[in-house]
Amino acid sequence: MNQVDYLRISLIDRCNFRCQYCMPEGSELDYILKQQLLTDKELLTLIEEVFIPVGFNRFRLTGGEPLLRPRVVDLVGAIASLPQTQDLSMTTNGFLLAPIAQSLYNAGLRRINISLDSLDQATFDSIIGNRGRGKWQQVWDGIQAAYHVGFDPLKLNVVAIPGVNDREILDLAALTIDKNWHVRFIEFMPIGNSELFGDRGWIPSEEIRQRIRDRWGLINSQIRGNGPADVFQIPGAKGTLGFISQMSECFCDHCNRMRLSADGWLRPCLLNEIGQLDLKTSLREGVSTAELQNRVRDLLALKPEINFKQRYAGTQTGNYTRTMSQIGG
Ligand SMILES: Nc1nc2c(ncn2[C@@H]2O[C@H](COP(=O)(O)OP(=O)(O)OP(=O)(O)O)[C@@H](O)[C@H]2O)c(=O)[nH]1
Ligand SMILES: C[S@@+](CC[C@H](N)C(=O)[O-])C[C@H]1O[C@@H](n2cnc3c(N)ncnc32)[C@H](O)[C@@H]1O
Ligand code: SF4
Ligand code: SF4
């Protein structure tokens with residue numbers, strides 16, 4: 001059985017963007033009320049007294065937009081300073097990153113993944129649902145700040161959507177040639193926007209690889225990540241190209257992760273809602289952390305059965321009660 005030691009922690013379900021593939025404008029979302037959010041203290045208690053004892057030692061902070069979480073730098077510092085923490089990373093849209101990139105690094109964050117779906121400002125704004133002042137430059141500044149501060153690896157996430165940003169695949173891939181950046185192409189998953197997903201809203205990774213291969217060639221990379229990406233490289237490039245292919249290639253047999261939502265639900269699989277545990281309510285009702293460890297261990301034992309198996313061959317949207325922004329991606 002694969003070791004499950006990686007926890008994706010959603011710090012907040014709110015976001016300052018409205019990405020078409022995640023929480024499109026106009027979608028009705030019930031935000032978690034403040035009193036339902038795990039407090040910093042509760043989150044740290046769960047990490048220290050429940051998750052670490054049952055074997056988790058790698059943590060990714062996500063959201064919604066994790067940089068909207070109040071006191072996020074302090075939280076990063078607290079998790080990074082736990083002696084058992086072997087890896088602490090964050091996934092962000094980068095919009096609020098530039099001014100606090102250095103503080104996050106100083107607090108102990110070393111790995112950061114930033115979403116960047118387009119190099120074209122108008123396309124970018126249409127993807128993130130922005131109608132006001134362009135937001136691309138501020139995200140780009142955030143990426144540059146993360147690079148100069150020294151985040152390594154620095155990963156850029158691209159959800160490739162037919163007819164929306166697929167014409168930019170080569171331009172985005174080219175970012176890896178001169179810089180040690182890691183660009184990852186993600187197949188659009190059927191959570192969130194069924195209209196955009198349509199009959200088949202994703203582009204198979206192999207199709208993207210072929211376009212890149214035709215232009216520059218493509219080799220397997222020696223650098224591997226902890227996650228679901230298959231990693232390749234343009235020959236001679238400084239960075240790498242990752243492909244997250246949950247629609248066309250099943251990687252669930254190697255699954256090493258669970259997810260904790262901002263309101264304290266532990267979810268054993270991104271694409272399956274079975275088996276979730278409400279840890280926050282139990283904690284608030286006074287259930288001991290020793291008992292919570294037992295419940296999480298039982299869930300870990302069930303996880304191989306829960307792991308996603310009903311692949312729809314990407315032709316249908318799933319019926320999920322929570323969006324990616326609520327789950328944390
Ligand atoms: N189906 C599926 N998709 C995942 C899983 N983990 C991450 N993803 C997707 O992969 C994309 C990128 O996720 P990131 O938050 O950057 O994390 P990661 O790629 O696991 O991170 P690394 O630890 O850097 O490899 C997002 O669209 C996630 O939803 C997973 O367990 N299952
Ligand atoms: C939910 S976001 C949260 C973190 C942060 N707001 C961001 O966008 O990076 C985490 C990741 O999930 C990806 N994502 C969101 N909806 C998706 C979908 N329907 N299919 C595939 N990836 C998706 C985003 O592109 C992002 O890389
Ligand atoms: S993908 Fe990230 S930035 Fe975009 S709406 Fe979802 S949570 Fe916000
Ligand atoms: S879909 Fe579920 S089982 Fe498959 S990799 Fe993602 S979280 Fe793991």
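Note that this is a predicted model, so its numbers are computed, not measured. All ligand and atom numbering here is 1-based and tracks the order in the structure.
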- More than 12 heavy atoms from other groups under 6.0 Å of CD on Gln35: yes
- Query: Given side chains that start at C-beta, do those of Gln102 and His148 come closer than 4.5 Å, heavy atoms only?
  - Reply: no
- Query: Between the candidates Gly329, Cys255, Ser115, which shows the shortest non-hydrogen contact distance to atom 28 (C) of ligand 1?
  - Reply: Gly329
- Note on the structure: One finds that the ligand 1 atoms under 4.0 Å from a non-hydrogen atom of Phe251 are 1 (N), 2 (C), 32 (N)
- Can we say Arg167 and Asp120 salt-bridge, meaning some charged N sits less than 4.0 Å from an Asp/Glu carboxylate O? no
- With a cut-off of under 6.0 Å to the ring centre and 45° to the axis, is Arg257 in cation-pi contact with Tyr6? yes
- Among Met90, Lys155, His254, Arg184, the residue with a heavy atom nearest to atom 24 (O) of ligand 1 is Lys155
- Near Phe308 (heavy-atom distance under 4.0 Å), the atoms of ligand 4 are 1 (S), 3 (S)
- Near atom 2 (Fe) of ligand 4, is there an N/O/S atom from Cys269 that is less than 2.8 Å away? yes
- Message: Can you confirm whether Lys238 is buried at NZ, in the sense that more than 12 heavy atoms of other residues, nucleotides or ligands lie under 6.0 Å from that atom?
- Response: no
- Query: Are any of the side-chain nitrogens in Arg322 or Asp13 under 4.0 Å away from the carboxylate oxygens of its partner?
  - Reply: no
- Could you find the nearest protein heavy atom to atom 9 (C) of ligand 1 and give me its residue, atom name and distance? Met189 CE, 3.9 Å
- Task: Using heavy-atom distances, let me know which of Asn256, Val4, Asn307 sits nearest atom 3 (S) of ligand 4.
- Result: Asn307
- Query: Near Ile244, which atoms of ligand 1 are under 4.0 Å from a heavy atom of that residue?
  - Reply: 10 (O), 11 (C), 12 (C), 19 (O)
- Task: Answer with side chain, backbone, both or neither: which part of Phe308 has a heavy atom less than 4.0 angstrom from an atom of ligand 1?
- Result: neither
- Nearest-neighbour protein heavy atom for atom 23 (O) of ligand 1, which is reported as residue plus atom name and distance: Arg111 NH2, 2.9 Å
- Could you list which atoms of ligand 4 come closer than 4.0 Å to a heavy atom of Cys255? 3 (S), 5 (S), 7 (S), 8 (Fe)
- ligand 1 contact on Arg259 by region, counting heavy-atom pairs under 4.0 Å: side chain
- Query: Does Val159 approach ligand 1 within less than 4.0 angstrom via side chain, backbone, both or neither, non-hydrogen atoms only?
  - Reply: neither
- Query: Between the main-chain N or O of Ile9 and the side-chain N or O of Arg60, is there a donor-acceptor pair closer than 3.5 Å?
  - Reply: no
- So, Asp214 versus Gln210: side-chain donor-acceptor pair below 3.5 Å or not? yes
- Nearest protein heavy-atom contact for atom 17 (O) of ligand 1: which residue, which atom, what distance? Arg8 NH1, 3.0 Å
- Query: Which ligand 1 atoms are under 4.0 Å away from a heavy-atom of Thr91?
  - Reply: 14 (P), 15 (O), 16 (O)
- Message: Counting only heavy atoms from other residues, nucleotides and ligands, does the tally under 6.0 Å from CG of Leu33 exceed 12?
- Response: yes
- Looking at Lys155 and Arg111, what are the two nearest heavy atoms and their distance? NZ-NH1, 3.5 Å
- Report yes or no: does Pro228 have a heavy atom closer than 4.0 Å to ligand 1? yes
- Query: If you measure from each non-hydrogen atom of Arg259 to ligand 4, which part falls under 4.0 Å: side chain, backbone, both or neither?
  - Reply: side chain
- Considering only heavy atoms from C-beta outward, does the side chain of Ile114 approach that of Leu154 to under 4.5 Å? yes
- Query: Linking I/L/V/M/F/W/Y whenever their side-chain heavy atoms sit closer than 4.5 Å, directly or via other members, would Leu38 and Ile32 fall into one cluster?
  - Reply: no
- Message: For Glu273, is there an ion pair with Arg267 - N to carboxylate O distance below 4.0 angstrom?
- Response: yes
- Message: Between Glu206 and Ser248, do the side chains contain a donor N or O and an acceptor N or O under 3.5 Å apart?
- Response: no
- Any atoms of ligand 1 less than 4.0 Å from a non-hydrogen atom of Arg257? List them with their elements. 5 (C), 6 (N), 7 (C), 20 (O), 30 (C), 31 (O)
- Beyond-backbone contact of Lys303 with Asn2, side-chain heavy atoms, under 4.5 angstrom: no
- Item | Check: Leu156 and Leu172 side chains under 4.5 Å, non-hydrogen atoms | no
- Message: Would you say that Phe243 contacts Arg184 through its side chain, given a criterion of any heavy-atom pair below 4.5 Å between the two side chains?
- Response: no
- Task: Could you check if a side-chain atom of Leu270 sits within less than 4.5 angstrom of a side-chain atom of Arg8, using non-hydrogen atoms only?
- Result: no
- Note: ligand 1 atoms sitting under 4.0 Å from heavy atoms of Met324 are 29 (O)
- Query: Against heavy atoms of Phe251, which atoms of ligand 4 measure under 4.0 Å?
  - Reply: 5 (S)
- Non-hydrogen atom of Ile186 closer than 4.0 Å to ligand 1: yes
- Message: Checking the side chain of Asn93 only, and the main-chain atoms of Ser115 only, is there a donor and an acceptor separated by less than 3.5 Å?
- Response: no
- Protein N/O/S atoms closer than 2.8 Å to atom 8 (Fe) of ligand 3: Cys15 SG
- Query: Can you list the ligand 1 atoms lying under 4.0 Å from a non-hydrogen atom of Asn157?
  - Reply: 12 (C), 14 (P), 16 (O)
- Query: What protein heavy atom is closest to atom 22 (P) of ligand 1, reported as residue, atom name and distance in Å?
  - Reply: Arg60 NH2, 3.3 Å
- Query: If you count the atoms of ligand 4 from 1 in the order shown, which ones are under 4.0 Å from a heavy atom of Leu270?
  - Reply: 2 (Fe), 7 (S)
- Task: Check ligand 1 against Gly227 and write out every atom of the ligand that is under 4.0 Å from a heavy-atom position of the residue.
- Result: 25 (O)
- Item | Distance from atom 2 (C) of ligand 1 to nearest protein heavy atom, with residue and atom | Leu270 CD2, 3.4 Å
